[in-house]
Amino acid sequence: MRRYLTLWGEMLGIAWRRAPGATAAFFGLCALSIAAAAGIALSLRAVIDGSVHGALGTAVAGACGVAVSQGATAVFQATSWDLILLLAGETNLAMRPRIYGWIAGIEGLDHLERTDFLDRLEGARNNTWEICTSLWETVLAVHAGLRLGATLLILGTVSPWLLFLLPFAALPLWFDHHGKQAVVDTETATAEVFRLQRHLFQLGTRADSGKDIRVADAGEEIARRQAAAWDEAAHLRYRARVRAAWWKFGGWVVFACGFAGGLTLVVYGAAHGHGTAGDVVMAVTVASGLRQTVQMMVGSTTNTLGTRTAIESYFWLREYAAAETARTSGTALTPARLGKGIAFEHVSYRYPGTNHLALDDVSISIPAGTVVAIVGEYGSGKTTLVKLLAKFYRPEGGRITVEGVALADLNTADWRSRISAAFQDFGRLQTTFAEGVGLGDLPHLTDRERIARAVRDVDASTLVERLPQGLDTQLGRDLGGVDLSEGQWQRVALARAVMRDDPLLFVLDEPTASLDAPSEHAIFERQITRARQLAERTGAITVIVSHRFSTVTGADLILVLDQGRLVESGTHAELSTLDGGRYADLYGLQATAYTN
């Protein structure tokens, strides 16, 4: 509860800073509404008793009190939700960047790839609105509770026995909470299935996957699987909601019995001279309002409980981000240039949820200024090795050193500021073309000269010339821009990767997989030349991951991976002459395939 109160306090502070007038107005209306609830009851009693006893002034004053109190209640009902939407919106504008900052600030990728993390991550990322409205739902619940207290206090002036309506009013809350908890547990348990059906729905309705689906005539099968996943998740959630409804119904039955008994007691007392007609009318009116007040309190409490999954996901993300930052961020500064190089010392890595090692006891020393190529069949561990170098993952065993300093001890942001990389699963950034390139070196995001140079370096000048607004062309059909082919998107990613002038590590992970052979050859020639220039300037190491062996023959060092193990290393000349060597076999098979 302390965590919840702290969070709500933070959000209240945000609302007050961003919209002080609306915040003050909302709380003022809540106080006015509580006073109005008591005013209606007391004024009605004055109207009835004044009319019965001929006290015209009392009756008129009571009638005015009823009118004013009803007006205040109407104003609260008409404006409270508008104010809540305004305040929650202002809070959301501040909370969403905070959440996205935590997600982006975690140096590893586990939270973006593990399904058990994704369930919680999506709860925080996709439900910021629910998190922000939880504060105001809680305020409404407290407001309803105070109205309930004022109502019961007035009933107590008629008969102390009516105070026993309090436990009858509280029971629906407990019953409803019990049912709601079952719904929350079920939603958490079915989150993965629900995410699957959403993925299948998007798969079947997006343009990028539409071609494959239509050619394969797989639309009906995808629709069937989406419907099955939806039915599974919806069925379990429906059953949980039905059980919750029965719990809620039971609570209201108990309250209705107590309500009927209390009114019977008041009427009986008035009939025997223990009360006035005004007392009876007031008791009936207040008790009727009591039902609405309890319903309001139950509704607000239920809505608050409904945000529990999102809030717990928010807490998990905050604590996970803090723990990861404390555990993974080193403090050592990255050297200005490489003199020794990078070394792998018995490095092993296993992806969470798998039984086999993606990298198994890899040891290799890569001298400064080296162009190193990593080859092997799919799944051999090539990309995993590159991701370890970028500190996306932490080795399960062994360590990686840079100039003799453990990579884990280097400040991550500082190390990554000295990396340039083009990954095989590159991002398709729907920005302008210039921004999509310039983001490779954020301090030079608007440096048109450097952006133009990067475009030339990856032979993308012709592509830019064909775009409607050149470098200022918006990319991505979703945002009304130009859609690029896979190879064109890859050129954008390559240009982004060559923006930095002084990297210590230059990574090309299958950088030309979507390009034709002549384009691939031209780009690799340019990048090998660039790698040599970087080596002279900073001692940079260039790592090339490729499944096309013809592109790596000029590397200084070739690493051959097989099922996560480093089985061979050397130059092309050394490895191609090894009898029965893995590299020689794979190179021969690929050369024969291209020849045929």
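Since we're looking at a predicted model, the values are computed, not measured.
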Exercise. Is there any ring-ring contact (aromatic ring centres under 6.0 Å, His included) pair reaching into residues 477-498, and which pairs are they, with sequence neighbours excluded?
Worked result: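 Every pair satisfying ring-ring contact (aromatic ring centres under 6.0 Å, His included) with a residue in residues 477-498: there are none.
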
If we ignore angles and hydrogens, is there a donor and acceptor under 3.5 Å between the side chains of [X] and [Y]?
{"X": "Thr128", "Y": "Asn92", "value": "yes"}
{"X": "Thr383", "Y": "Gln424", "value": "yes"}
{"X": "Thr538", "Y": "Asp502", "value": "no"}

Separation between [atom1] of [X] and [atom2] of [Y], rounded to the nearest 0.5 Å:
{"X": "Asp414", "Y": "Arg416", "atom1": "CG", "atom2": "CZ", "result": "12.0 Å"}
{"X": "Leu557", "Y": "Ile544", "atom1": "CG", "atom2": "CD1", "result": "11.5 Å"}
{"X": "Ile222", "Y": "Gln202", "atom1": "CD1", "atom2": "CD", "result": "12.5 Å"}
{"X": "Trp415", "Y": "Leu505", "atom1": "CH2", "atom2": "CG", "result": "5.0 Å"}
{"X": "Ile400", "Y": "Leu385", "atom1": "CD1", "atom2": "CG", "result": "7.0 Å"}
{"X": "Ser420", "Y": "Arg496", "atom1": "OG", "atom2": "CZ", "result": "11.5 Å"}

For the pair [X] (side chain) and [Y] (backbone), establish whether a donor and an acceptor sit closer than 3.5 Å, ignoring hydrogens and angles.
{"X": "Thr473", "Y": "Phe433", "result": "no"}
{"X": "Arg500", "Y": "Ile419", "result": "yes"}
{"X": "Lys391", "Y": "Leu410", "result": "yes"}
{"X": "Arg418", "Y": "Ala336", "result": "yes"}
{"X": "Asp409", "Y": "Ala332", "result": "no"}
{"X": "Ser363", "Y": "His346", "result": "yes"}
{"X": "Asn411", "Y": "Leu333", "result": "no"}
{"X": "Lys382", "Y": "Gly376", "result": "yes"}
{"X": "Arg18", "Y": "Thr91", "result": "no"}
{"X": "Glu221", "Y": "Ala218", "result": "no"}

Quick check: closest heavy atoms across [X] and [Y], and the distance to 0.1 Å?
{"X": "Ile14", "Y": "Met95", "result": "CD1-SD, 4.0 Å"}
{"X": "Thr133", "Y": "Ala88", "result": "CG2-CB, 3.8 Å"}
{"X": "Val455", "Y": "Ser461", "result": "CG1-N, 3.6 Å"}
{"X": "Leu575", "Y": "Gly570", "result": "CD1-O, 3.8 Å"}
{"X": "Ala555", "Y": "Ile558", "result": "CB-CG1, 4.2 Å"}

- [ ] Output, in order, the C-alpha distance, side-chain angles, deciding distance and verdict of side-chain contact (heavy atoms from CB on, under 4.5 Å) for Tyr349 and Val362.
- [x] CA-CA 10 Å; Tyr349 181 76; Val362 173; over 6 Å; no

Using a 6.0 Å cut-off, check whether atom [atom1] of [X] has over 12 heavy atoms from anything other than its own residue.
{"X": "Gln563", "atom1": "CD", "answer": "no"}
{"X": "Arg98", "atom1": "CZ", "answer": "yes"}
{"X": "Arg225", "atom1": "CZ", "answer": "no"}
{"X": "Phe201", "atom1": "CZ", "answer": "no"}
{"X": "Trp316", "atom1": "CH2", "answer": "yes"}

Pair [X] + [Y]: basic N to acidic O under 4.0 Å:
{"X": "Arg224", "Y": "Asp231", "value": "no"}
{"X": "Arg428", "Y": "Asp483", "value": "no"}
{"X": "Glu396", "Y": "Arg350", "value": "yes"}
{"X": "Glu187", "Y": "Arg308", "value": "no"}
{"X": "Arg450", "Y": "Asp501", "value": "yes"}

Please examine the side chains of [Y] and [X], heavy atoms only from C-beta on, and report whether any two atoms are closer than 4.5 Å.
{"X": "Leu87", "Y": "Met11", "value": "no"}
{"X": "Phe344", "Y": "Leu407", "value": "no"}
{"X": "Glu377", "Y": "Arg582", "value": "yes"}
{"X": "Leu338", "Y": "Glu403", "value": "yes"}
{"X": "Arg466", "Y": "Thr462", "value": "yes"}
{"X": "Lys340", "Y": "Val405", "value": "no"}
{"X": "Phe315", "Y": "Leu7", "value": "yes"}
{"X": "Trp102", "Y": "Glu324", "value": "no"}

- Begin from the C-alpha positions of Val498 and Arg526 and carry the test side-chain contact (heavy atoms from CB on, under 4.5 Å) through to its verdict. CA-CA 11 Å; Val498 301; Arg526 287 175 181 262; over 6 Å; no

**Request:** Might you work through the side-chain contact (heavy atoms from CB on, under 4.5 Å) test for Gln488 and Val492, ending with a clear yes or no?
**Result:** CA-CA 7 Å; Gln488 290 170 332; Val492 179; 5.9 Å; no

**Asked** Mind checking whether Tyr583 and His572 have parallel, tilted or perpendicular rings, split at 30° and 60°?
**Response**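 Rings of Tyr583 and His572: perpendicular, over 60°.
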
Discussion item. Distance to the ring centre below 6.0 angstrom and angle to the axis at most 45 degrees; does that hold for Arg237 and Phe194?
Written reply: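 Relative to the ring axis of Phe194, which defines the angle, Arg237 lies inside both limits.
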
Would Asp457 and Met499 count as a side-chain contact (heavy atoms from CB on, under 4.5 Å) here? Give the steps. CA-CA 10 Å; Asp457 283 348; Met499 275 290 292; over 6 Å; no

Practice problem: Report the residues that fulfil side-chain contact (heavy atoms from CB on, under 4.5 Å) with Ala535, sequence neighbours left out, ordered by chain and then residue number. | Solution: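 Testing Ala535 for side-chain contact (heavy atoms from CB on, under 4.5 Å), a comparison that skips the adjacent residues, returns none.
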
With sequence neighbours excluded, tell me which residues meet side chain to side chain donor-acceptor pair (under 3.5 Å) with Gln226.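 Gln197.
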
